[in-house]
Amino acid sequence: MTFSTASFAGQSATCATIAAAGKNAKYCVTKQGILAYEGSSASSFTLTSYSSSPPASDFALPAGATVMSIP
Amino acid sequence: MTTTSSLARSARRRAPALLGVALFALVIAACGSSSPTASTSSTTAPGASAGATTTSTAPAGGTSLSSKIGALSSQVQAAEKITFKAVYTTTGSGSNGSVTIEQAPPKSAFSSSGGSEINTGTASYFCSNANGQTTCYSAGASNPLSALTALFSPATALTELKAAQAEAVAHAAG
């Protein structure tokens with residue numbers, strides 16, 4: 001296992017790379033503790049934008065939405 | 001040791017079947033791709049040139065490895081309480097997409113191009129848009145899609161790291 005640093009969306013991150021038994025995976029976490037990168041040869045998630053102040057409207061139901069209850 | 005693919009499989013198993021599979025399909029099948037903006041490195045170690053990635057190799061099962069994973073664990077735990085909005089690009093299974101994760105405790109949101117999961121702090125909803133009409137399904141106070149949100153959680157990644165550490169310790173012990 002190796003550790004490194006990188007920058008994602010302007011955020012400094014610590015990365016851990018695991019390479020064993022023919023498998024490789026890399027995980028990066030920002031200093032704030034946010035997942036910045038997670039990937040292998042098959043798939044990846046990469047942080048491309050970060051904000052510490054999301055708009056309050058993002059946590060409300062969309063205007064005009066029809067609300068239904070799950071039984 | 002597990003990989004990202006097994007992480008995804010694990011998360012899908014934990015998710016409630018109907019909504020879980022539906023949203024995961026949205027994530028994977030989300031349209032549009034963009035190039036990752038990752039770059040190495042913003043940190044310059046003593047003696048290293050500016051912009052270089054600093055890399056260190058931790059001994060298998062050693063205390064250095066434990067301390068570094070412990071430091072990451074502390075960072076991840078602190079993040080449970082912070083407010084943020086993070087946008088990710090995803091690749092895999094032959095398709096690329098984008099997902100957004102936000103939280104302002106106790107509120108949280110997870111969205112892709114085809115739908116979103118919103119926790120208002122008092123109730124959770126899964127919302128989808130079809131033919132210009134948005135429909136939100138209430139899940140009450142529970143969060144049925146928490147396992148999918150966990151797919152992007154550093155805590156999940158940390159679990160993988162700790163598993164790798166345990167494997168290294170076991171290997172070192174013979």
Side-chain angles (χ1 to χ4, degrees), chain A residues 1-70, chain B residues 1 3-5 7-8 34 36-43 53-58 60 65 68 72 75-79 82-93 102 104 107-109 118-121 125 127 133-139 152-154 157 160-161 164-165 167-168:
Chain A
M1 182 182 299
T2 60
F3 289 88
S4 60
T5 60
S7 179
F8 294 85
Q11 305 299 307
S12 180
T14 299
C15 301
T17 301
I18 303 169
K23 297 178 180 178
N24 292 281
K26 184 175 183 178
Y27 305 94
C28 299
V29 178
T30 69
K31 289 183 176 178
Q32 296 90 343
I34 305 301
L35 181 67
Y37 178 83
E38 179 179 330
S40 67
S41 59
S43 62
S44 68
F45 307 135
T46 306
L47 178 68
T48 56
S49 175
Y50 177 84
S51 168
S52 60
S53 54
S57 59
D58 285 2
F59 304 103
L61 297 184
T66 299
V67 179
M68 301 180 72
S69 295
I70 298 175
Chain B
M1 184 183 305
T3 63
T4 302
S5 297
L7 254 180
S34 59
T37 58
S39 62
T40 58
S41 154
S42 62
T43 301
T53 299
T54 56
T55 304
S56 61
T57 303
L65 182 60
K68 289 186 176 182
L72 285 176
Q75 290 176 224
V76 169
Q77 288 174 356
I82 69 171
T83 295
F84 71 91
K85 177 177 184 176
V87 180
Y88 297 86
T89 57
T90 67
T91 64
S93 302
E102 304 172 71
K107 302 175 182 178
S108 64
I118 300 169
N119 186 324
T120 63
Y125 301 87
C127 301
Q133 174 62 46
T134 300
T135 301
C136 295
Y137 299 90
S138 171
F152 295 86
S153 167
E160 297 296 309
L161 292 177
Q165 180 191 18
E167 185 175 307

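Just so we're clear, the structure is a prediction, and the values are computed from it rather than from any experiment. Lettering of chains follows the sequences in order, A, B, ..., and the numbering in each one begins at 1. We use all heavy atoms of the structure for the numbers below, so side chains are in, but hydrogens, waters and symmetry mates are not.
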So which heavy atom on A/Phe59 is nearest to which on B/Thr120, and how close? O-CG2, 3.5 Å

Work out which heavy atom in A/Ala65 is nearest to a heavy atom in B/Cys136; give both atom names and the distance. CB-SG, 3.8 Å

Which value, rounded to the nearest 0.5 Å, describes the distance between B/Phe84 atom CZ and A/Ser51 atom OG? 10.5 Å

Identify which part of A/Thr30 has an atom lying under 4.5 Å from any heavy atom of chain B, answering side chain, backbone, both or neither. backbone

The single option from B/Thr89, B/Thr91, B/Thr90 passing side-chain contact (heavy atoms from CB on, under 4.5 Å) against A/Thr46: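 The option that passes is B/Thr89.
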
Listing request: all salt bridge (charged side-chain N to carboxylate O under 4.0 Å, His left out) pairs with a residue in residues 47-63 of chain A, at least two apart in sequence or in separate chains. A/Asp58-B/Lys85

Does any part of the side chain of A/Ser52, heavy atoms only, come nearer than 4.5 Å to the side chain of B/Ile82, both counted from C-beta?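 Not touching, per the 4.5 Å side-chain cut-off.
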
Among residues at least two apart in sequence or on other chains, which ones pass side-chain contact (heavy atoms from CB on, under 4.5 Å) with A/Thr66?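 If we apply the side-chain contact (heavy atoms from CB on, under 4.5 Å) test to A/Thr66, skipping adjacent residues, the hits are A/Met68, B/Gln133, B/Thr135.
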
